[in-house]
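One structure below.
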Amino acid sequence: DGTVKYSMTSMHVPDPVISLSIAPTSKTGNDKFSKALQRFMKEDPTFRVGFDNETKQTIISGMGELHLQIYVERIKREYGVECV
């Protein structure tokens with residue numbers, strides 16, 4: 001009948017609690033490494049990626065050490081890119 005009204009509220013996403021630098025071990029993996037990080041950011045709003053211009057390092061941030069370790073392992077397993 002068109003009288004039902006819906007409203008949606010935004011989801012609260014907490015700030016990251018830990019950050020670490022990450023890089024592929026070989027230059028040949030840069031493209032896959034970048035694709036992996038982009039995909040993970042789209043999938044998980046608590047996973048964030050940044051770049052520190054001062055140190056020239058890629059910084060990943062998340063909800064804990066295990067959270068970030070899982071993403072490092074997924075990069076290795078799903079994209080074949082070793083990271084340090």
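Residue numbers count from 1 along this sequence. Small disclaimer: the values here were computed from a predicted structure and weren't measured. Side-chain atoms are counted along with the backbone in the values below, which use heavy atoms only and exclude waters and symmetry mates.
Residues Cys83 and Ile22 approach most closely at CB-CG1, 3.9 Å, considering heavy atoms. Nearest heavy-atom pair across Ala36 and Ile75 is CB-CG1, 3.9 Å. Scanning all heavy atoms of the two residues, the minimum distance from Gly29 to Val81 falls at O-CG2, 3.9 Å. Across all their heavy atoms, Val17 and Gly64 have their closest contact at CG2-N, 3.9 Å.
With rounding to the nearest 0.5 Å, the separation of CG in Leu20 from OG in Ser61 is 8.0 Å. Within the model, atoms CZ of Phe47 and CD1 of Ile70 stand 11.5 Å from one another, a figure rounded to the nearest 0.5 Å. Residue Met63 holds its CE atom at 8.0 Å from CG of Asp15, rounded to the nearest 0.5 Å.
Counting heavy atoms from C-beta on, the side chains of Asp44 and His67 come closer than 4.5 Å. Two residues are said to be in side-chain contact when any heavy atoms from C-beta on lie closer than 4.5 Å; Lys32 and Pro24 fail this criterion. Side-chain contact check for Met41 versus Ile60: every heavy-atom pair is 4.5 Å or farther apart. Contact annotation: the side chain of Ile59 never approaches that of Phe51 to less than 4.5 Å [non-hydrogen atoms, C-beta and beyond]. Between Arg48 and Val13, the closest side-chain pair of non-hydrogen atoms falls below 4.5 Å. Counting only heavy atoms from C-beta outward, the side chains of Tyr71 and Lys76 never approach each other to under 4.5 Å.
Around CD of Gln69, the count of heavy atoms belonging to other residues, nucleotides or ligands within 6.0 Å exceeds 12.
Arg39 and Tyr79 share a donor-acceptor pair across their side chains, judged by distance under 3.5 Å alone.
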Residues Lys27, Phe33; criterion side-chain contact (heavy atoms from CB on, under 4.5 Å); working and verdict: CA-CA 10 Å; Lys27 297 290 181 190; Phe33 177 73; over 6 Å; no
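Checked for salt-bridge contact, Glu43 and Arg74 meet the test: a charged N lies under 4.0 Å from a carboxylate O. Electrostatic pairing of Lys56 and Asp52 does not count as a salt bridge here, judged by no charged N lying under 4.0 Å from a carboxylate O.
Take Thr25 and apply the side-chain hydrogen bond (donor to acceptor under 3.5 Å, both in side chains) test, not counting sequence neighbours, and it matches no residue.
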